[in-house]
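The structure displayed is predicted, hence computed values, not measured ones.
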Amino acid sequence: MQAIMIQGTSSDVGKSVLCTALCRILVNDGYRVAPFKSQNMALNSYITKDGGEIGRAQGVQAEAAKIDATTDMNPILLKPKGEMVSEVILHGKHFANMNAVSYREQFVEEVMPEVRTSLERLSENYDVLVLEGAGSPAEINLKSRDIANMRMAHETDAAVILVADIERGGVFASLVGTLMLLDDAEKARVKGIIINKFRGMKELLTNGIEWLEEYTGIPVLGVIPYFDVQIEAEDSMALSSLRLKKPQQHEFAIDVAVIRFPRISNFTDIDPLFEEPGVGVRFVTNLSDLKNPDVVILPGTKNTVEDFLWLQQTGLMQGILQLANQNVRIIGICGGYQMLGEIIRDEQAVESTGGTYLTLGLLPIETTFINSKQTVQVSGMSCTGHEIEGYEIHLGRSVATKPLKPFIQFYDGRTDGVYTEQVFGTYVHGIFQNRLFTRDYFNTIRIQKGMEPISGDVLSDFERREQAYEMLDRHVREHLDMEKIYSFISVSTVEKR
């Protein structure tokens, strides 16, 4: 198998985006390429065509590689639930809830045959694998049970490229320190270095790069300038670095407040709103910041009950109810949709210690949690007349307490959600990625505020993503020594299909 692996000096240095870039570069150069990450920890997940759940980054990377994502590309997904416990997803399906000790001491070794099987299947169908590491390969307290970094490099005989984020500061120390903490066999795998997210004059780095190459004996393959590419993030750390559009001095005519739950998940649902003209987006964690938005969005959450209790404790629940009484629009997605209902029942203690919870009461639904997760890609027609595509990923089942207007009629005959002009909720993630729906929804608000609606063609989300992948290809290719990378993976010996 031909493999290349991107590892980082820490989390959020740009590993996922660089893997995405390499997938698009390689496929554009004529090779069959697939992404792989043995173990991922993320609350932003992706649903494959057959209903499997994997890390969102590998779904995006598969799309960049122009292939369908499969669970082999991320055989193990960990979804933190709180108190050092995570849901373990194995080959796309719920396997168990485990604490960190049990996972590392018992499960890791037991699951390695499953990881190898995924690698074997991928290697049979693709010319090159692009592997993504997790966090840092130099976490001394975790290395003995780390199956996401150097162990995978050894398993696949991958050339490792080490990435550091210069925007954080201390880039040379982080690179040298990481290399010093690797053993000889691990260090021998590192064939190149990338300095990422650079802002400024590259000439000012010349002396430092020369010193780094001489000191480590490892070439710097590129200095990648900061690039605000519109590609979905996976790590919740990205929330703190998002270039949010905050309404200030009437710069944005429409103010959207997104409740940032402690266990927020699939926050990429909000991404399209950053691109909607005249719409300002801000995340809210306390009552004083809620203020008087035009729209409040309750997004998905890994633990609906715990985050609903947080909503009560912070006073945000009462603040949202007051805004609802003032006819402010309220939207709930997945866990947020469940909170908009009247009751959540968790008698099987699926997400809590068990019990019944009276919720916001803004929609006539009751939700019951059961130990059976719904994971499926969906498509249908909304009651607003828009074709809708997205995916479901939830444990609860919601039923109406009185007649209501479903938000979506799926093509498989099912219905989903509740829609009123002021309040609507849905289990469908990716709702705003349906750009015609999003444009028309916000045009309704524009008209209500006495503004002109925005007209003209709207690019589909697929077209936007394709543009982003091609821009990423050009940007990274310009600043990266691809000839050197090809020499690492001997890709010239692989016959193009």
Side-chain angles (χ1 to χ4, degrees), residues 43 256-273 281-285 290 293-312 314 316-346 351 357-369 374 378 382-384 388 390-402 404-408 415-434 437-438 441-442 445:
L43 288 178
V256 176
V258 181
I259 306 300
R260 182 175 174 175
F261 295 121
R263 299 160 188 82
I264 188 171
S265 65
N266 295 85
F267 56 82
T268 52
D269 285 342
I270 310 302
D271 281 1
L273 303 190
V281 181
R282 54 192 175 89
F283 283 100
V284 172
T285 57
L290 186 57
D294 297 292
V295 183
V296 176
I297 298 177
L298 282 68
T301 162
K302 177 57 183 166
N303 193 313
T304 302
V305 171
E306 291 296 326
D307 278 351
F308 173 71
L309 295 175
W310 171 86
L311 203 69
Q312 289 181 314
T314 58
L316 281 167
M317 174 179 173
Q318 191 59 37
I320 292 168
L321 289 174
Q322 289 177 357
L323 291 174
N325 287 334
Q326 298 167 18
N327 293 319
V328 171
R329 290 172 178 253
I330 315 290
I331 300 172
I333 302 172
C334 199
Y337 168 45
Q338 294 168 342
M339 293 183 201
L340 292 182
E342 298 166 346
I343 290 176
I344 292 177
R345 293 187 175 88
D346 190 19
E351 284 203 355
Y357 304 86
L358 298 178
T359 46
L360 287 160
L362 296 176
L363 291 177
I365 62 167
E366 295 183 355
T367 298
T368 301
F369 282 108
Q374 173 87 341
V378 294
S382 74
C383 63
T384 58
I388 299 293
Y391 62 97
E392 292 182 63
I393 173 172
H394 57 91
L395 286 165
R397 301 294 186 268
S398 299
V399 297
T401 58
K402 65 180 183 181
L404 49 77
K405 179 191 290 185
F407 176 46
I408 303 173
T415 60
D416 170 81
V418 184
Y419 187 87
T420 70
E421 185 175 286
Q422 184 195 354
V423 182
F424 85 82
T426 178
Y427 273 120
V428 177
H429 289 287
I431 187 67
F432 295 121
Q433 274 79 3
N434 297 276
F437 164 79
T438 301
Y441 182 82
F442 282 96
I445 298 175

**Fill in**
d(I259 CD1, I264 CD1) to nearest 0.5 Å is 9.5 Å
**Request:** Any chance you could measure T368, atom OG1, to E366, atom CD, to the nearest 0.5 Å?
**Result:** 7.0 Å
Please tabulate, for the side chains in residues 320-334, all donor-acceptor contacts under 3.5 angstrom to protein atoms that are two or more places apart in sequence or on a different chain.
{"unit_1": "N325", "atom_1": "ND2", "unit_2": "L321", "atom_2": "O", "d": "3.4"}
{"unit_1": "R329", "atom_1": "NH1", "unit_2": "E421", "atom_2": "O", "d": "3.1"}
{"unit_1": "R329", "atom_1": "NH2", "unit_2": "Q448", "atom_2": "OE1", "d": "3.3"}

**Prompt:** side-chain contact (heavy atoms from CB on, under 4.5 Å) between V423 and L363: does it pass, once the steps are laid out?
**Reply:** CA-CA 8 Å; V423 182; L363 291 177; 3.7 Å; yes
**Message:** Please tell me whether Y441 and F424 form a close aromatic pair, meaning their ring centres lie under 6.0 Å apart.
**Reply:** yes
**Request:** Tell me, please, which residues at least two apart from E342 pass side chain to side chain donor-acceptor pair (under 3.5 Å).
**Result:** T401
**Item:** side-chain contact (heavy atoms from CB on, under 4.5 Å) evaluation trace for I297 with L273
**Value:** CA-CA 11 Å; I297 298 177; L273 303 190; 3.6 Å; yes
**Prompt:** Where the side chain of T268 meets the backbone of D271, is there a donor-acceptor pair that is under 3.5 Å apart?
**Reply:** no
**Prompt:** Is there any salt bridge (Lys or Arg N to Asp or Glu O under 4.0 Å) pair reaching into residues 294-309, and which pairs are they, with sequence neighbours excluded?
**Reply:** E87-K302, R263-D307, D294-K449
**I445 and V295: CA distance, side-chain angles, deciding distance, side-chain contact (heavy atoms from CB on, under 4.5 Å) verdict** = CA-CA 9 Å; I445 298 175; V295 183; 3.5 Å; yes
**Request:** Could you list the residues that satisfy ring pair (Phe, Tyr, Trp, His ring centres under 6.0 Å) with Y427, not counting sequence neighbours?
**Result:** Y337, H394
**Spacing of CE belonging to M317 relative to CG belonging to L298, to within rounding of 0.5 Å** = 11.0 Å
**Asked** Which pair of non-hydrogen atoms, one from V428 and one from G390, has the smallest distance, and what is that distance?
**Response** CG1-CA, 3.8 Å
**Prompt:** Looking at residues at least two apart in the chain, or sitting in another chain, which of them share a ring pair (Phe, Tyr, Trp, His ring centres under 6.0 Å) with F442?
**Reply:** none
**Message:** Restricting to non-hydrogen atoms, name the atom on L290 and the atom on G319 that form the minimum distance, rounded to 0.1 Å.
**Reply:** CD2-C, 3.7 Å
**Prompt:** Roughly how far, to the nearest 0.5 Å, is CD of E351 from CD1 of I344?
**Reply:** 8.0 Å
**Message:** Please report the interatomic distance CD(Q338) to CD1(I343), rounded to the nearest 0.5 Å.
**Reply:** 13.5 Å
**Prompt:** Is there side-chain contact between I365 and L404, with heavy atoms separated by less than 4.5 Å?
**Reply:** yes
**Prompt:** With sequence neighbours left out, what residues match T384 under side chain to side chain contact (heavy atoms under 4.5 Å, CB included)?
**Reply:** S382, H386, Y419, F437
**Item:** Over all atoms of both residues, closest heavy-atom pair of P299 and V258
**Value:** CG-CG1, 4.1 Å
**Item:** Those residues that, when tested against Y391, pass ring pair (Phe, Tyr, Trp, His ring centres under 6.0 Å) (two or more places apart)
**Value:** H429
**Request:** Take R260 and T285 through the test side-chain contact (heavy atoms from CB on, under 4.5 Å) and record every step on the way to the result.
**Result:** CA-CA 6 Å; R260 182 175 174 175; T285 57; 3.8 Å; yes
**Message:** N303: which residues meet the side chain to side chain donor-acceptor pair (under 3.5 Å) condition with it, sequence neighbours left out?
**Reply:** none
**Request:** To the nearest 0.5 Å, tell me how far F308 CZ sits from L360 CG.
**Result:** 5.5 Å
**Asked** Taking C-beta and beyond as the side chain, do F407 and T415 meet within less than 4.5 Å on heavy atoms?
**Response** no
**Request:** Might you point out which heavy atoms bring T359 and M339 nearest each other, and give the distance in Å?
**Result:** CB-O, 3.3 Å
**Donor-acceptor side-chain pairing of T367 and S398 below 3.5 angstrom** = yes
**Item:** Heavy-atom check, side chain of W310 versus side chain of T301, under 4.5 Å
**Value:** no
